[in-house]
There are 2 protein chains.
Amino acid sequence: MSLRRLGLALGLALGLGISTVAAAPAIGAPLQGDVARYRAANEQAIARQLADMIAIESVAANPAGLRKQADMLMAALGARGFAARLLNGKGGPPLVYGELKTPGAKRTVVFYAHYDGQPVEPAQWTSPPFVPVMRSVNGAPVEWQAGAQKLDPEWRLFGRAASDDKAAIAAFLTAFDAIKASRRRPSVNIKVVWEGEEEAGSPHLNDVLIANKALLAGDLWLIGDGPVHQSRRPLISFGARGVTAVEMIVFGPARALHSGHYGNWAPNPAVMAAGLVAAMRDDDGNILIPGFSDDVRAVTAAEAAAIAALPPVEADLKRDLALGRSEGSEGLTASTMRPALNVRGISTGNTGASAANAIAAQARISIDFRLVPGQTPDGVRRKVEAFLTGRGWTITDAAPDLAARAAHPRLIRLDWEGGYPALRADMTTPAARAVIAAASAAAGQPVAVLPMMGGSVPIYMFEQVFGVPIIGLPIANHDNNQHAANENLRLQNLWDGIDAYAAMIGGLDW
Amino acid sequence: MSLRRLGLALGLALGLGISTVAAAPAIGAPLQGDVARYRAANEQAIARQLADMIAIESVAANPAGLRKQADMLMAALGARGFAARLLNGKGGPPLVYGELKTPGAKRTVVFYAHYDGQPVEPAQWTSPPFVPVMRSVNGAPVEWQAGAQKLDPEWRLFGRAASDDKAAIAAFLTAFDAIKASRRRPSVNIKVVWEGEEEAGSPHLNDVLIANKALLAGDLWLIGDGPVHQSRRPLISFGARGVTAVEMIVFGPARALHSGHYGNWAPNPAVMAAGLVAAMRDDDGNILIPGFSDDVRAVTAAEAAAIAALPPVEADLKRDLALGRSEGSEGLTASTMRPALNVRGISTGNTGASAANAIAAQARISIDFRLVPGQTPDGVRRKVEAFLTGRGWTITDAAPDLAARAAHPRLIRLDWEGGYPALRADMTTPAARAVIAAASAAAGQPVAVLPMMGGSVPIYMFEQVFGVPIIGLPIANHDNNQHAANENLRLQNLWDGIDAYAAMIGGLDW
């Protein structure tokens with residue numbers, strides 16, 4: 001967001017802009033009416049604020065882009081009266097911290113989000129990932145900044161991190177502006193924690209939390225990340241799967257070989273990689289690594305009941321995603337309560353027009369694991385490595401020389417990412433009940449309640465360090481292409497998200 | 001080859017160059033001595049002739065490059081007194097045909113080679129694939145065209161098609177020049193057939209052969225393609241495996257999905273592809289497709305004896321290729337008498353630095369099959385498709401729409417290349433004995449005799465159409481990176497190849 005835009009946003013917040021909200025709220029008037037009016041009057045500026053953030057290349061491969069985004073968020077907080085600062089770990093991008101006390105408030109709520117996005121493969125995108133483009137439902141770009149127009153809520157803003165996770169930051173800032181513009185006050189003390197390495201597995205976050213434990217203390221953490229329910233119903237979640245990942249390299253001949261002259265004799269790393277994947281996981285999602293799920297904590301009856309109460313979405317999703325089947329038969333949400341082994345990529349040899357009749361020199365397998373309560377990244381690593389060793393693989397963590405390759409019949413290089421465990425928290429605390437009530441009031445309907453998101457955010461750290469309720473407040477549309485090309489945010493989800501954040505800032509009480 | 005260079009080569013051929021050979025051969029003087037002297041006196045020009053051909057981008061993706069190469073070969077033949085013309089099929093690059101009668105000769109030998117190269121992935125090459133570079137044994141580029149110097153026979157000329165298959169053409173031309181320069185005459189009538197689509201599976205060759213059956217008739221076809229024995233001993237072969245290939249696309253969700261939110265529910269095409277590969281072939285080279293090898297013609301006792309007589313190379317190859325094991329235990333040559341299923345590439349999702357936590361929308365598997373006598377491309381196709389259907393796959397040969405993807409639990413697109421069957425010919429004909437004798441005389445040692453090369457050339461067509469002996473005369477070094485990046489030709493192999501071709505042009509008698 002440029003400083004000019006920041007000024008506009010602040011101007012809106014102070015009632016100096018085109019806002020049409022009343023000078024002061026009527027006693028007892030519902031918060032959501034004021035927020036809705038503010039949003040309706042400022043849709044273009046609100047969307048532009050998010051578009052400006054998308055244009056910043058804040059991905060792990062671009063530390064300068066991460067820093068630029070952090071600096072802009074510092075400015076955005078400062079312009080709104082927050083005491084803001086950067087918290088640095090030993091390496092990694094800074095964590096943006098902001099604090100605003102509310103006189104008389106008895107509770108402090110910490111709002112978490114992340115300002116980094118997933119890596120990009122620009123060739124896979126319809127338009128460049130850091131050039132925000134608004135598209136209508138048929139995918140055509142639309143001009144949305146000319147004149148004063150109402151934006152179609154089914155339009156979507158495309159760009160890396162649009163939904164994951166800059167939408168949460170944009171919704172928070174706008175919700176705060178709406179409350180200020182309607183002459184209201186927050187109902188709680190506010191702390192903001194926006195990290196910049198979530199998509200890289202948050203390797204420095206824990207240290208920063210521990211080093212700043214008193215500074216970051218609060219009564220409740222609200223985790224602004226992830227999508228709402230596939231039914232498009234707003235959603236409150238009580239946990240997230242953990243994550244770890246590994247890059248495997250299977251070695252074949254020192255150089256690619258003619259498949260005719262050596263086919264059947266020189267080991268083919270593509271085939272070895274395929275066999276390895278097939279031995280680790282079947283195509284119904286079952287993990288075949290011995291003991292992989294031994295430590296898994298079972299879902300409780302209350303959690304199972306919450307899952308059963310969710311609106312069914314599978315038939316619509318299958319049609320939308322062109323799926324001829326699903327893995328397993330237990331339904332989407334129930335299936336994500338189990339650990340997952342996801343092959344995120346295999347690269348070996350060449351395919352398509354550049355396929356050559358050769359045996360490749362190596363094969364890469366890239367895997368992310370989704371963890372559930374009871375599991376740890378170290379435990380997953382141990383089980384995978386024991387599995388490999390038991391099948392005759394020799395494991396190395398560095399590039400082997402040719403002598404090492406010749407010495408081992410099955411040599412595999414493993415590069416592990418760190419990762420973190422899952423959290424599935426208590427859904428019955430007073431804070432939990434208050435959040436569900438406020439979110440339902442903002443949505444005008446009972447929100448969906450999800451025991452644990454399938455996706456991962458490092459919320460286990462917050463519970464470990466702070467021991468207070470940790471609750472997920474996702475706002476993105478489920479069909480946002482998160483972690484893939486053509487990531488996008490549906491405008492109605494931004495509008496709903498602003499309502500939800502306004503409820504948490506201005507309507508939370510327990 | 002430029003016309004200037006052609007002129008030089010012709011000059012050499014006519015004794016006008018720097019050649020030091022005698023004005024006329026002594027009666028009964030061995031051919032190989034004259035050829036060796038000619039070569040020693042002209043090494044730079046001979047290597048340059050090949051380098052000039054490498055610089056022409058004659059690959060399937062570049063029809064203009066193929067045509068340019070064909071035109072230059074026409075000029076090279078014309079300059080040497082051949083009646084030369086282009087034979088065109090219904091599409092595809094032209095076949096270069098040349099003919100030179102030898103007064104009094106009773107036999108006609110047809111020399112086959114191909115002037116097209118495998119596709120390239122320039123990023124995988126140390127230096128650009130169409131810029132010829134001479135390298136010493138340690139891989140460093142060497143200046144070899146300055147001054148008059150003897151070339152180290154262990155140096156190698158790098159570039160696409162250097163060994164596969166322009167080396168054969170260069171060796172033929174130089175051998176012819178050497179014979180002319182030493183005032184000798186060919187011992188046979190010569191026909192030249194140089195095709196331009198061998199690496200694309202020769203889809204038009206059969207039609208051209210049939211349409212020109214009388215023109216191309218001869219008593220013996222010599223197939224100049226493939227590598228010599230891994231012991232570096234010159235080699236005569238009596239067949240080649242056939243080939244076909246297929247590109248498979250396995251479909252997952254319509255768009256890439258967040259692996260956390262959908263992992264365990266949305267089918268992962270990378271896992272489906274891996275399972276499919278693992279079900280088709282194990283990592284010892286065994287093909288698991290039911291009935292795949294039912295039609296295979298067994299190796300005869302004579303063929304098995306010839307294989308057993310080959311010098312052992314496995315231990316050296318394993319060290320050279322950094323292999324910790326081989327597929328199976330029967331040895332290299334015996335293993336290539338079986339059909340092979342080679343996975344030449346798998347591409348799905350992303351790996352390495354661009355890996356994202358997503359379920360990919362599709363997975364590509366590219367496979368080439370090596371066929372042995374008794375098998376046909378159509379038979380392989382039927383067995384693969386029956387196997388897939390039996391496992392619940394629905395096969396399509398075009399890009400399916402989303403409705404088709406949603407309608408089928410396991411949908412796979414197959415794009416088959418044509419291919420052709422194998423040939424394993426009689427090793428005991430008079431022509432076969434004459435070729436073995438002449439080649440052994442040229443090599444100064446008994447040549448290796450191979451019943452069938454592991455690689456593929458469409459020689460079955462020649463036998464089908466012409467019904468005469470078809471014999472392989474490979475010259476490339478086995479470690480030439482054929483079909484891969486950094487393809488190269490070892491100079492000693494070019495020198496040996498010139499000797500072998502000279503023996504076939506000037507020393508063959510039966």
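For the numbers below, each heavy atom of this structure counts, side chains included, while hydrogens, waters and symmetry mates do not. Labels below follow one simple rule: chain letters A, B, ... track the order of the sequence lines, proteins then strands, and each chain is numbered from 1.
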Practice problem: Could you tell me which portion of E314(B) (side chain, backbone, both or neither) has an atom closer than 4.5 angstrom to a non-hydrogen atom of chain A? | Solution: both
Quiz item: Can you check whether G455(A)'s main-chain N or O pairs, donor with acceptor, with H261(B)'s side chain at less than 3.5 Å?
Solution: yes
Quiz prompt | Which atom of G275(A) lies closest to which atom of A278(B), heavy atoms considered | solution = CA-CB, 4.0 Å
Quiz item: Using non-hydrogen atoms only, which part of A353(B) is less than 4.5 Å away from chain A: side chain, backbone, both, or neither?
Solution: backbone
Quiz item: Among L257(B), L402(B), T348(B), who wins on heavy-atom pairs under 4.5 Å with chain A?
Solution: T348(B)
Quiz prompt | Engaged part of Q482(B) at the chain A interface, taking heavy atoms whose separation is under 4.5 Å | solution = both
Quiz item: Can you tell which of D479(A), N357(A), N481(A), N486(A) has the highest number of heavy-atom pairs within less than 4.5 Å of chain B?
Solution: N357(A)
Quiz prompt | Donor-acceptor pair, side chain of N350(B) and main chain of R344(A), under 3.5 angstrom | solution = no
Quiz item: Which atom pair, heavy atoms only, marks the closest approach of A484(A) to A256(B)?
Solution: CB-CB, 3.4 Å
Quiz item: Contact part of A360(A) toward chain B, heavy-atom cut-off under 4.5 Å: side chain, backbone, both or neither?
Solution: neither
Exercise. Side chain from CB out, backbone as N, CA, C, O: work out which of these in Q230(A) comes under 4.5 Å of a heavy atom of chain B, or both, or neither.
Key: side chain
Quiz item: In terms of heavy-atom pairs under 4.5 Å with chain B, which of G285(A), G349(A), A406(A) leads?
Solution: A406(A)
Exercise. Find the one option among R405(A), E247(A), R410(A), H258(A) whose heavy-atom pairs under 4.5 Å with chain B are most numerous.
Key: H258(A)
Quiz item: Based on non-hydrogen pairs under 4.5 Å, which of S259(B), A356(B), A60(B) is most in contact with chain A?
Solution: S259(B)
Quiz item: With a 4.5 angstrom heavy-atom cut-off, which part of R241(B) approaches chain A: side chain, backbone, both or neither?
Solution: side chain
Quiz item: Quick one: what part of R370(A) sits under 4.5 Å from any heavy atom of chain B, side chain, backbone, both or neither?
Solution: side chain
Quiz item: If you look at every heavy atom in A358(A) and D368(B), which pair is closest and at what distance?
Solution: N-OD1, 4.5 Å
Quiz item: Within the distance-only criterion (no hydrogens, no angle test), does the side chain of N264(A) pair as donor or acceptor with the backbone N or O of S335(B) below 3.5 angstrom?
Solution: yes
Self-check item: D282(A), part contacting chain B, at a heavy-atom distance under 4.5 Å
Solution: backbone
Exercise. Identify which part of A404(A) has an atom lying under 4.5 Å from any heavy atom of chain B, answering side chain, backbone, both or neither.
Key: neither
Quiz item: Between M272(A), R255(A), E330(A), which shows the greatest number of heavy-atom pairs under 4.5 Å with chain B?
Solution: R255(A)
Quiz item: Quick one: of G352(B), S456(B), A240(B), who has the most non-hydrogen atom pairs under 4.5 Å with chain A?
Solution: G352(B)
Self-check item: Test applied, side chain to side chain contact (heavy atoms under 4.5 Å, CB included); reference residue, Y262(A); option that passes from T336(B), L323(B), L317(B)
Solution: L317(B)
Quiz item: Is it the side chain or the backbone of Q124(B) that comes within 4.5 Å of chain A heavy atoms, both, or neither?
Solution: side chain
Quiz item: Looking only at heavy atoms, which two atoms of A274(B) and I346(A) are closest? And how far apart?
Solution: CB-CD1, 4.4 Å
Exercise. State whether a side-chain donor-acceptor pair under 3.5 Å links N268(A) with D283(B).
Key: no
Practice problem: Could you have a look at P119(B), G263(B), A363(B), S326(B) and say which one has the most heavy-atom pairs with chain A under 4.5 angstrom? | Solution: S326(B)
Quiz item: Among R364(B), M453(B), R325(B), which residue forms the greatest number of heavy-atom pairs with chain A at distances under 4.5 Å?
Solution: R325(B)
Quiz item: Without hydrogens or angle criteria, can the side chains of S366(A) and T351(B) be said to hold a donor-acceptor pair below 3.5 Å?
Solution: no
Quiz item: Out of D320(B), L411(B), I249(B), which one racks up the most heavy-atom pairs below 4.5 Å with chain A?
Solution: D320(B)
Quiz item: Which bit of H408(B) is near chain A, if near means a heavy-atom gap under 4.5 Å: side chain, backbone, both or neither?
Solution: backbone
Self-check item: P339(A), part contacting chain B, at a heavy-atom distance under 4.5 Å
Solution: backbone
Exercise. Pick one of side chain, backbone, both or neither for N286(B), based on which atoms fall under 4.5 Å of a heavy atom in chain A.
Key: neither
Practice problem: Look at A407(A), A266(A), G328(A), S329(A) and state which one has the largest set of heavy-atom pairs under 4.5 Å with chain B. | Solution: A266(A)
Quiz prompt | Which of E121(A), E199(A), H478(A), K318(A) touches chain B most, by non-hydrogen pairs under 4.5 Å | solution = E121(A)
